[in-house]
**Q** 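Dropping the structure in here first, questions after.
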Amino acid sequence: MDKQKLEAVARGIVAPGKGVLAADESFPTIKKRLKSINLDSTEEYRRSYRELLFTTPGVEEFIGGVITFDETMRHKATDGTPFPELLTSRDIYPGIKVDKGTRDLAFHPGEKFTQGLDGLRERLAEYVEMGATFTKWRTVYAIGKDIPTTYGYQINASSLAQYAALCQEAGLVPIVEPEVLMDGDHTIERCEEVTTITLEAVFAELFTAGVVLEGMLLKPNMILSGKSCSEQAGVQEVAEATIRVLKRTVPSAVPGIVFLSGGQTPAQATENLSAMNAIGRFPWELSFSYGRALQEETLKAWVGKPENTADAQKTFYRRAKLNSMARFGEYTPELESKTI
Ligand code: 13P
């Protein structure tokens, strides 16, 4: 393992002004996204939509890395260039989601664990051959009356650490993604409590597994009120609570923290990130790794029609640029209706 190389890649992905595009929707998830614009999930729609994103002119100013899915990693652009090569030629690090999704945790109603460790070492070797430079593994935690349980925290932290160690062994930067879900009527305080325990457990396991903190990125949720909580915390409260939790739990050796959007609207996700960066005074790059919040508007602008490609790319460029401004605390909601 070349620690310097891992650190250089991790830092490159979150270089100032840059973040990550999460375009790693699995087959069921991309089916949902395409259905939202009344399209069937055909292989060609999946390929051409990803090509639209990856060839957006100028977007490499704001996007340092793209997380793909196994099928996308094997796809080619219209001119025959494999997607990993296309991204690399634009100075965007190609990455790949390597977990195999979540399943119910036995004897623990409402809790999930993430599968995909079996054969992971061999799969990683293949992805390295294909040009991958980093990876992602997601665990999920629902908030409920008696959940997460101690076992839920522990087993998910353990899979993240095993995954991260295997990736670094293979020379790949792991993005460690423990996602505390927004669903539910819990308060922001409860989200803060659960996320704190989650991250404490994750870093304890990463340390025990020997993971090099300088050669990884963390992809957490923001600290938010539950989606159906009657009292919704405001932007400043979200920003302060999120930074407080991260300062308490994330070692400063970690180069970057890239948030998931988790169901926030594009504008909310951008505004919250900007508010955090405006507060400043933390040791890591604080950036984005959004799926829905980067793509929602683009999908709607495209709706599967080739003649809409240029407009859809402008839409994607614009949202990526707004998030890049949020990296410097320079986004304001007024920008949503302005030319930028
Ligand atoms: P969202 O930003 O849509 O939550 O997706 C990020 C992601 O990669 C989830 O695993």
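Whatever order the structure lists ligands and atoms in, that order sets their numbers, starting from 1.
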**Q** Working note: F259 + T242, criterion side chain to side chain contact (heavy atoms under 4.5 Å, CB included); need CA distance, chi angles, decisive distance, verdict.
**A** CA-CA 10 Å; F259 292 104; T242 306; 3.6 Å; yes
**Q** Scan for side-chain hydrogen bond (donor to acceptor under 3.5 Å, both in side chains) pairs involving residues 113-123, sequence neighbours excluded, and state none if there are none.
**A**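 Checked against side-chain hydrogen bond (donor to acceptor under 3.5 Å, both in side chains) - neighbours excluded - the pairs reaching residues 113-123 are R121-E169.
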**Q** When rounded to the nearest 0.5 angstrom, what distance separates CZ in R318 from NZ in K321?
**A**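 Result: 9.5 Å between the selected atoms.
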**Q** Keeping the roles fixed (side chain from E330, backbone from R327), state whether a donor-acceptor pair exists under 3.5 Å.
**A**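 Not at all, since once roles are kept as given, no pair shorter than 3.5 Å links the two residues.
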**Q** Got a list of side-chain donor-acceptor pairs under 3.5 Å for residues 33-42, not counting sequence neighbours?
**A**
from: S36; atom 1: OG; to: R33; atom 2: O; distance (Å): 2.5
from: S41; atom 1: OG; to: R46; atom 2: NH1; distance (Å): 3.0
from: T42; atom 1: OG1; to: Y45; atom 2: N; distance (Å): 3.1

**Q** How would you list all residue pairs meeting side-chain hydrogen bond (donor to acceptor under 3.5 Å, both in side chains) that involve residues 243-263, not counting sequence neighbours?
**A**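 Sorted pair list: E192-R244.
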**Q** Considering only N or O atoms, set out every pair between ligand 1 and the protein closer than 3.5 Å, with distances to one decimal place.
**A**
from: ligand 1; atom 1: 2 (O); to: S261; atom 2: N; distance (Å): 2.8
from: ligand 1; atom 1: 2 (O); to: S261; atom 2: OG; distance (Å): 2.5
from: ligand 1; atom 1: 2 (O); to: G291; atom 2: N; distance (Å): 2.8
from: ligand 1; atom 1: 3 (O); to: R292; atom 2: N; distance (Å): 2.8
from: ligand 1; atom 1: 3 (O); to: R292; atom 2: NE; distance (Å): 2.7
from: ligand 1; atom 1: 4 (O); to: G262; atom 2: N; distance (Å): 2.7
from: ligand 1; atom 1: 4 (O); to: R292; atom 2: NH2; distance (Å): 3.1
from: ligand 1; atom 1: 8 (O); to: K136; atom 2: NZ; distance (Å): 2.8
from: ligand 1; atom 1: 8 (O); to: K219; atom 2: NZ; distance (Å): 2.7
from: ligand 1; atom 1: 10 (O); to: K136; atom 2: NZ; distance (Å): 2.6
from: ligand 1; atom 1: 10 (O); to: E177; atom 2: OE1; distance (Å): 3.1
from: ligand 1; atom 1: 10 (O); to: E177; atom 2: OE2; distance (Å): 3.1

